[in-house]
Amino acid sequence: MMSSLSSLHLPPLPKSNQSRRNVDKSSLPTEIPTTTTTDLLHNFNTSFELKQVHSHIIKTNQSYSILPLTRVASVCALSSSFDYARRIFERVEQAEILIWNSCLRSFAEGDSPINAIRLFYRLRQSNLHPDTFTCSFVLKACSLLLDLDNGKIVHGLVQKLGFQSDLFLQNTIVHMYARSGAINDARRLFEKMPQRDVVTWNIMITQLTKLGEIEKAHDLFDQMPERSVRSWTAMIAGYVQCGKPKEAIHLFAQMEEAGERPNEVTVVAVLAACADLGALDLGRRIHEYSDACGFRKNVRVCNTLIDMYIKCGCLEIAQRVFDEMEERTVVSWSAMIGGLAMHGQGEEALKLFSKMTQIGIRPNGVTFIGLLHACSHMGLITEGREFFNSMTRDYGIVAQVEHYGCMVDLLSRSGFLQEAYEFINNMPIKSNGVVWGALLGGCRVHKNIELAEEAIKHLLVLDPLNDGYYVVLSNIYAEAGRWEDAAKVRKLMRDQGVKKTPGWSSVTVDGEVHEFVAGDGTHPQVEEIYQKWDELLEQMKLRGYIPDTKVVLLDMDEDKKEQVLYRHSEKLAVVFGLMKTPPRTAIRIMKNLRVCEDCHSALKLISEIVDREIVVRDRNRFHCFKDGCCSCRDYW
DNA sequence: ATAGGGTTAG
């Protein structure tokens, strides 16, 4: 760096890097952040860029090119020589503070907001006067770093310098407080502001939704005098983040009514809501709209489209979107790998991973979750273990509890229950309900009551309100004929105040969603549905269908159990779909819980009998029934 | 100059 700098023919570097000006140090923290030259030269092609600056200065005899000079100054200012940087700027025909602001800005907007703070401290040691821009950039850096302490200092400075009536700065300050964990301070400032603009409101709405305060956000949204596309988008995205996709889509409809045009960010949020709900029709419409607007150039829009199609059961379309992308990020690859795994195409998932690494895309932790999921699906124990090890060894990714969950799932599904149990006990991090839940699931498949009881012991501590675990344990007892123990589990549930989530399934016919709950007798066409089921049942029995009554938890007569079984929500939804859609078209079902074993074998047979593809999205994966088989290969 | 967006095990 020194040699490159000397070629600039600028004054020699001063001996000391200490500024000797008088500063009011009272408002500064005792410890001033420091940095090293190497930090800053990271990603900085020093000799090349500096030489360019040099030749530019020589050729033009002036220094209008602010960007490279800013880089030079940034490096000098933060490393060895603040004064040296100032001397560079003394030769520039612009007010010094503008150049510092330019440096601050590029730090705050780049990948080193911490350096904006450091530079700000350097600036405060000089006798330069910060202006409103200076404050705004530093505040932005504080927001990004969630640095409330320095944020408050800058806020104090804004007041000291008399900038407090500047609306831009007020907004930035409100944002800084809200984002850095002081929402109440932000709110107080917001309430006191003599004037606000649409940005002020949007900031409050966005930050409130981030904190899960969706009602408060909506109140502000209702109150605001005028709304921009970003106001609508903030609210819609907020609902999606709070797990309320229906409300998000409802608001989107209102936005369309209001005549606002969704932008890329709106599209991403709405597509995420569609993915959550399996709302394929709306998803397709947004897809067309995105094409028309040219949003497909945007990687995030495409990634979300991929995710939406995957979660709506349209793997081929997701693949097409992926193939057509101009550039792909690790997110695109991970979404596709995870999607293939979710759809039972484990081999394809592994192939895609090889392709990805071959072209030099570095996988991340999410990529490996998809891969481990794929291995679990195919029972690839050895490969799964190898991926798990390779993740840390080759890519430096530290295994998260999610990865351990996948491994426990892989091991216990394949029957290595003891090993899975030991794996949990040897985890270097704290386990969670999902990890023990995976073991419990394996215990059910492989009928290991003893380990199941061990798992539930932990689950009662880690996730006592989750009804799913009680249900599985009760199932395990029931399947073993231990009805008393099964009843005890149900009593335990009652004592804990836990209720079993009622199962429901939905099917979309002509864009309308029809929901069914188990034993549903309320649907207007219920007689027709039952009749059609009876017809199907006859054909199924001819093909060897035997109702699997052990999935019925209650202790009752076999006949009665069969009747319960025949009214499971997914069966009702499929029958209704068959009645209401043209022959040979695919039927898409969504179920809030997991498909039971009996419905699974029934749907396999039905797909063969009626020659239809039946796609079921259950709580955690897809089942594509076709020609008597399921894409999950009965491994779920 | 200030606000916003994507993939995650059971």
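Note: hydrogens, waters and symmetry copies are ignored here, and every other heavy atom, side chains too, is used. To find a chain, count down the sequence lines: A is the first, B the second, and so on, and within it residues start at 1.
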Please report the shortest heavy-atom distance between Thr329(A) and Val299(A), naming the atom on each side. CG2-CG1, 3.7 Å

Taking the side chain of [X] as heavy atoms from C-beta outward, which of [options] is closest to it?
{"X": "Glu264(A)", "options": "dT2(B), dG5(B), dT8(B)", "value": "dG5(B)"}
{"X": "Arg300(A)", "options": "dA3(B), dT2(B), dG5(B)", "value": "dG5(B)"}
{"X": "Ala335(A)", "options": "dT7(B), dG5(B), dA9(B)", "value": "dT7(B)"}
{"X": "Asp166(A)", "options": "dA1(B), dT8(B), dT2(B)", "value": "dA1(B)"}
{"X": "Met342(A)", "options": "dA1(B), dT8(B), dT2(B)", "value": "dT8(B)"}

Tell me whether the side-chain N/O atoms of [X] come closer than 4.0 Å to OP1 or OP2 in [N].
{"X": "Gln241(A)", "N": "dG4(B)", "answer": "no"}
{"X": "His373(A)", "N": "dG10(B)", "answer": "yes"}
{"X": "Arg413(A)", "N": "dG10(B)", "answer": "yes"}

With Lys447(A) via salt bridge (Lys or Arg N to Asp or Glu O under 4.0 Å) - residues at least two apart: Glu479(A)

Partners meeting salt bridge (Lys or Arg N to Asp or Glu O under 4.0 Å) with Lys210(A) (sequence neighbours left out): none

Taking atom types as they are modelled, would you say the side chain of Asn263(A) forms a donor-acceptor pair with the base of dG4(B) within the 3.5 Å cutoff? yes

Answer with base, sugar-phosphate or nothing: what part of the nucleic acid does [X] contact at a heavy-atom distance below 4.0 Å?
{"X": "Asn298(A)", "result": "base"}
{"X": "Ile203(A)", "result": "sugar-phosphate"}
{"X": "Val408(A)", "result": "nothing"}
{"X": "Ser334(A)", "result": "base"}

Donor-acceptor contacts, no H, no angles, side chain residues 368-378 of chain A, under 3.5 Å, sequence neighbours left out:
{"from": "Ser376(A)", "atom 1": "OG", "to": "Asp409(A)", "atom 2": "OD2", "distance (Å)": "2.7"}
{"from": "His377(A)", "atom 1": "NE2", "to": "Arg621(A)", "atom 2": "NH1", "distance (Å)": "2.2"}
{"from": "His377(A)", "atom 1": "NE2", "to": "Arg621(A)", "atom 2": "NH2", "distance (Å)": "2.8"}

How long is the line joining CD of Gln170(A) and C1' of dA3(B), in whole Å? 15 Å

Over how many whole Å does the gap from Leu144(A) atom CG to dT2(B) atom P extend? 10 Å

Counting only non-hydrogen atoms, which of residues 131-142 of chain A are less than 4.0 Å from DNA chain B? Thr132(A), Phe133(A), Ser136(A), Lys140(A)

Would you mind writing out the side-chain donor-acceptor pairs for residues 313-325 of chain A within the sub-3.5 Å range, not counting sequence neighbours?
{"from": "Gln319(A)", "atom 1": "NE2", "to": "Asp323(A)", "atom 2": "OD1", "distance (Å)": "3.4"}
{"from": "Glu324(A)", "atom 1": "OE1", "to": "Arg296(A)", "atom 2": "NH2", "distance (Å)": "2.6"}

What residues, two or more places apart in sequence or in another chain, satisfy side chain to side chain donor-acceptor pair (under 3.5 Å) together with Glu454(A)? Tyr421(A), Lys457(A), His458(A)

